[in-house]
Asker: 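Below is one structure. I have some questions about it.
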There are 2 protein chains.
Amino acid sequence: MDNPRRRRPVPTHEELAAWRVHIETSEIVRARIEARLHEDSGLSGGDYRVLLALSEAEGRAMRSSELAAHIEWERSRLSGHLGRMERRGLVRREPCAEDARGSRVVLTDSGDRAFHASTLPHLRAIKEVFVDALTPEQLDHLRDAAAAVRRHLHLDPLPE
Amino acid sequence: MDNPRRRRPVPTHEELAAWRVHIETSEIVRARIEARLHEDSGLSGGDYRVLLALSEAEGRAMRSSELAAHIEWERSRLSGHLGRMERRGLVRREPCAEDARGSRVVLTDSGDRAFHASTLPHLRAIKEVFVDALTPEQLDHLRDAAAAVRRHLHLDPLPE
DNA sequence: CCTCGGTTGTTGACATGTGAATCATATGCG
DNA sequence: CGCATATGATTCACATGTCAACAACCGAGG
């Protein structure tokens with residue numbers, strides 16, 4: 001019997017099992033959906049996130065720091081990723097008029113096409129791999145549990 | 001109104017929002033718990049997983065392939081990881097008597113101490129960051145949703 | 001014994017991630 | 001203006017992950 005007056009510092013076996021199945025399954029689902037994205041469009045999850053942000057931005061361009069903040073990436077991570085994306089012609093970096101330190105990241109036509117070609121298959125993959133696995137109630141429960149965790153960790157209620 | 005005769009190929013806004021908050025929150029939680037593990041013990045999540053498997057193995061040692069299969073890693077991934085762990089003195093590789101191709105991965109005393117020192121803080125972190133954020137019902141729901149996804153993807157019901 | 005197909009583990013090339021250091025520029029303040 | 005400091009972005013060193021190619025070895029069959 002658990003003694004209610006004694007705080008339990010570690011999870012029970014059941015709690016630990018729930019943690020493990022939850023976290024490992026989430027990783028598998030993410031990996032499957034990203035693999036589908038890559039097969040369908042040649043884009044990685046990181047590529048998609050950058051392209052999504054740029055395609056919604058004014059003039060299909062953003063300052064590098066602004067972009068990093070928007071997608072919640074380290075600037076060095078974004079810098080490296082943009083280098084690879086630039087090599088593939090998805091984005092272009094040009095010097096910034098107002099601030100000579102900075103640069104503007106511009107979505108190329110090729111990048112825009114690649115992004116738009118990828119969205120529908122990507123959304124389909126999310127539906128087929130994740131949404132279709134769950135009842136509407138289970139999906140609500142997942143959303144609520146995520147919200148509870150975010151409150152617990154003092155994070156913004158919504159991602160981004 | 002949704003037309004029940006028309007299959008919806010893509011998620012609704014609500015479904016997509018649930019997907020995003022779920023997957024991003026799961027990543028944040030994993031990252032936090034691994035960060036705590038690293039601060040507390042100097043071990044990465046990968047280190048922990050290898051050390052856990054070895055510490056439960058007969059003679060605190062396993063064949064490399066056997067270990068890779070047990071923790072579901074690519075062999076090349078394990079090989080690289082073991083190289084780094086060996087440099088830090090956590091494990092040792094010795095030639096295998098029965099099979100000259102292979103090697104035995106042995107947990108060193110230092111690795112065993114590091115692992116045992118890490119478990120309690122690690123379990124505490126899982127409880128504080130994840131379990132304590134949720135009601136018992138929410139935890140059950142997460143477990144059930146993960147099980148539903150695993151069925152949907154034809155995976156083993158339990159991780160490992 | 002000897003060849004051939006499968007196994008074992010490593011390696012190389014690359015993509016991706018973090019944190020610290022660096023460089024150039026911008027900006028506030030005396 | 002001139003300087004201390006902050007900021008924008010990149011770079012470095014490294015850890016981590018994938019996949020394909022490889023070298024060495026095993027074991028079955030001829």
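Reminder, nothing fancy here: chain letters follow the sequence lines and each chain counts from 1. None of these values were measured; they are calculated from a predicted model.
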Asker: To the nearest Å, how far apart are I71(A) CD1 and dG17(C) P?
Answerer: 10 Å

Asker: Looking across every strand, which nucleic acid part, if any, lies under 4.0 Å from R104(A) by heavy atom: base, sugar-phosphate, or nothing?
Answerer: nothing

Asker: In whole angstrom, what separates R75(A)'s CZ from dA20(C)'s P?
Answerer: 13 Å

Asker: Measure from CG on D99(B) to C1' on dT10(C) and round the result to the nearest Å.
Answerer: 15 Å

Asker: Side chains of R113(B) and T108(B): does their closest heavy-atom pair fall under 4.5 Å?
Answerer: no

Asker: Grab the CE-C1' distance between M62(A) and dG8(D) for me, whole Å please.
Answerer: 15 Å

Asker: Assign R87(B) to base, sugar-phosphate, or nothing according to its heavy-atom contacts below 4.0 angstrom with the strands shown.
Answerer: sugar-phosphate

Asker: Between S65(B) and dG9(C), does any side-chain N or O lie under 4.0 Å from OP1 or OP2?
Answerer: yes

Asker: Mind calculating the distance between CG (L82(B)) and C1' (dA15(D)) to the nearest angstrom?
Answerer: 14 Å

Asker: Test for a donor-acceptor pair under 3.5 Å between the base of dG9(C) and the side chain of R101(B), counting only N and O atoms.
Answerer: no

Asker: By nearest nucleotide on DNA chain D, pick out whichever of E74(B) and H81(B) is the more 5' one.
Answerer: H81(B)

Asker: Atom CZ of R84(B) to atom P of dT10(C): distance rounded to whole Å?
Answerer: 13 Å

Asker: Between H22(A) and H22(B), what is the ring plane arrangement, given parallel below 30°, perpendicular above 60°, and tilted in between?
Answerer: perpendicular

Asker: Nearest whole Å is fine: how far is dT25(C) P from R63(A) CZ?
Answerer: 14 Å

Asker: Under 4.0 Å between a side-chain N or O of R77(B) and OP1 or OP2 of dG17(D)?
Answerer: yes

Asker: Which whole-number value in Å describes the distance from E72(B) CD to dT18(D) P?
Answerer: 12 Å

Asker: So, are E27(B) and R30(B) salt-bridged, with charged N and O less than 4.0 Å apart?
Answerer: yes

Asker: Report which part of the nucleic acid S64(B) touches: base, sugar-phosphate, or nothing (heavy-atom distance under 4.0 Å, all strands).
Answerer: sugar-phosphate

Asker: Quick check: do L16(A) and K127(B) have side-chain heavy atoms less than 4.5 Å from each other?
Answerer: no

Asker: Relative to the 5' end of DNA chain C, which residue comes earlier, S103(B) or E98(A), by the nucleotide with the nearest heavy atom?
Answerer: S103(B)

Asker: Tell me whether the rings of H141(A) and H141(B) are parallel (<30°), tilted (30 to 60°) or perpendicular (>60°).
Answerer: parallel

Asker: S76(B) side chain N/O closer than 4.0 Å to the phosphate oxygens (OP1, OP2) of dG9(C)?
Answerer: no

Asker: Compare the minimum distances between each of dA26(C), dG9(C), dC26(D) and the side chain of A100(B), then state the nucleotide with the smallest one.
Answerer: dC26(D)

